[in-house]
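Some notes on the structure that comes next.
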Amino acid sequence: MSILSHRKSYAETVEGRRRFLSKIKVLLIFFFAFCILTSLFVAAFSVSSSAMRPSLLPGDHVLASPFVYGPVTVVGKIPAPFKPERGDIALVDPPYAERQSFWFLLGDAFVRFVTFQRVGLTDPSAPASLRGPFLERVIALPGDEVMMEDFVFKVRPAGSAHFLTEFELSDASYDIDKGELPANWSEADPLSGTMKARVLGKDEYFVAGDDRRASSDSRLWGPIGVGQFRAKVFLRYWPFPRFGRP
């Protein structure tokens, strides 16, 4: 006894295509809504390095707002309603960061959306230390003079006659990780505990990690402009016992 396969009628075929296109339409609506939300207002990030220890640890999950510093859109960077302030934890691009095209960023966003952020178009073999972005703390603002002694930054604000420590100038309460330098590590070597004083330009911000031995920051690649600020971190939501402002 033969089994005859059911052949879809023309109406069934049209209805199947309509349902399929309807699902694609819903997916695209959710995708673009997700892109608007994460590129303009709030985005979630997972901390993968120890550069911000003890404030943020590897495995922490944080929320950050691109809106604070002016989000980057298809038509360019939207004027920022706020400027970076001392003590802010920010997601920033280093000066050498490669600018990706709009279509690459759109494709990367779509792949990450459909894979729940597990896969992207960025080359996974390229070390994060070379491409960024980085989580950094804002230490000094345009016009400030900044130096470092024993891993603690000292800042002379523009117009002031005296240096104050980073902790005295910041509204944020935080600690740093000094650690210990390897034997025979001199002050001339990178990431030593000292830095000569330098005056920042009119659009220059000095940023650094809280783990002063393990952070790639302005000590290595210099100050950054306001255009290199991506988002301001405002909440750690995981792990739950450490929920709150980092």
Side-chain angles (χ1 to χ4, degrees), residues 45 49-53 55-56 64-72 76-100 127-172 174 176-178 187-233 246:
F45 297 95
S49 79
S50 62
M52 283 301 297
R53 187 173 55 191
S55 302
L56 292 172
S65 174
F67 178 78
V68 175
Y69 300 138
V72 178
K77 189 174 178 65
I78 296 176
F82 303 99
K83 293 183 178 180
E85 298 180 351
R86 297 183 184 91
D88 284 359
I89 298 179
L91 191 73
V92 305
D93 288 318
Y96 55 81
E98 180 182 355
R99 298 291 181 178
Q100 302 290 355
S129 60
L130 298 180
R131 64 176 186 265
F134 301 104
L135 280 171
E136 307 283 358
R137 190 178 297 278
V138 180
I139 302 296
L141 309 179
D144 288 352
E145 185 174 4
V146 57
M147 61 181 292
M148 187 170 67
E149 294 179 350
D150 191 26
F151 292 103
V152 175
F153 287 103
K154 295 184 178 181
V155 181
R156 183 175 65 84
S160 174
H162 304 287
F163 279 91
L164 296 173
T165 69
E166 56 184 290
F167 308 114
E168 293 174 296
L169 289 171
S170 173
D171 291 333
Y174 62 95
I176 62 173
D177 189 344
K178 296 181 181 181
E187 293 183 358
D189 292 327
L191 302 180
S192 65
T194 63
M195 186 188 78
K196 294 182 179 179
R198 66 175 299 169
V199 178
L200 302 180
K202 64 178 182 179
D203 184 37
E204 289 186 336
Y205 293 82
F206 195 95
V207 297
D210 288 350
D211 186 342
R212 298 289 153 85
R213 297 176 305 126
S215 170
S216 177
D217 51 44
S218 288
R219 290 174 293 168
L220 295 179
W221 29 261
I224 60 174
V226 70
Q228 290 162 284
F229 283 83
R230 283 199 187 186
K232 177 179 178 179
V233 175

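Residue numbers run from 1 in the order of the sequence given. Everything numeric here is computed off the predicted structure, so don't read it as measured data. Only heavy atoms go into these numbers, but all of them, side chains included; no hydrogens, no water, no symmetry mates.
When all heavy atoms are compared, the tightest approach of Y205 to G225 is CD1-C, 4.4 Å. Minimum heavy-atom separation, G209 to S215: N-OG, 3.0 Å. Heavy-atom minimum distance, P246 versus L56: CB-CD2, 3.6 Å. Between K154 and E149, the closest heavy-atom pair is NZ-OE1, 2.9 Å. When all heavy atoms are compared, the tightest approach of V146 to A140 is CB-CB, 4.1 Å. Between A172 and G87, the shortest heavy-atom distance links the atoms CB-O, 3.9 Å.
Side-chain atoms of D210 never come within 3.5 Å of backbone atoms of R53 as a donor-acceptor pair (strictly under, hydrogens ignored). The main-chain N or O of R156 is never found under 3.5 Å from a side-chain atom of E145 such that the two would form a donor-acceptor pair. In this structure, the side chain of R230 does not engage the main chain of A64 through any donor-acceptor pair within 3.5 Å. S65 places no side-chain N or O within 3.5 Å of a backbone atom of K232 that could act as its donor or acceptor partner. Side-chain N or O atoms of R86 include none that pairs as donor or acceptor with a backbone N or O of L169 at under 3.5 Å.
Atom OG in S49 sits 8.5 Å away from atom CG in D211 (nearest 0.5 Å). From L141, atom CG reaches atom CG of D88 across 9.0 Å, with rounding to the nearest 0.5 Å. Rounded to the nearest 0.5 angstrom, E136 CD and S218 OG are separated by 7.0 Å. Atom NZ of K196 is separated from atom OG1 of T194 by 9.0 Å, given to the nearest 0.5 angstrom. In this structure, the separation between OH on Y96 and CD on Q228 is 10.5 Å, given to the nearest 0.5 Å. The structure places CE of M148 at 7.5 Å from CZ of F206, a figure rounded to the nearest 0.5 Å.
Other residues, nucleotides and ligands place more than 12 heavy atoms under 6.0 Å from the CG atom of D150. Environment of CZ in F67: sparse, with no more than 12 heavy atoms of neighbouring residues, nucleotides or ligands closer than 6.0 Å.
A 4.5 Å side-chain heavy-atom check between V152 and F167 finds at least one atom pair inside the cut-off. In this structure, R198 and P223 have side chains that are in contact, with non-hydrogen atoms separated by less than 4.5 Å. The shortest side-chain heavy-atom distance between F229 and V138 falls under the 4.5 Å cut-off. Residues P157 and D144 meet the side-chain proximity criterion, which asks for heavy atoms closer than 4.5 Å. Counting heavy atoms from C-beta outward, Y174 and M52 have side chains that stay 4.5 Å or more apart. Using a 4.5 Å cut-off on side-chain heavy atoms (C-beta onward), W221 and V207 make contact. Residues R137 and D217 form no side-chain contact, since every pair of their non-hydrogen atoms from C-beta on lies 4.5 Å or further apart. With contacts defined as side-chain heavy-atom distances shorter than 4.5 Å, the pair D93/I224 does not qualify.
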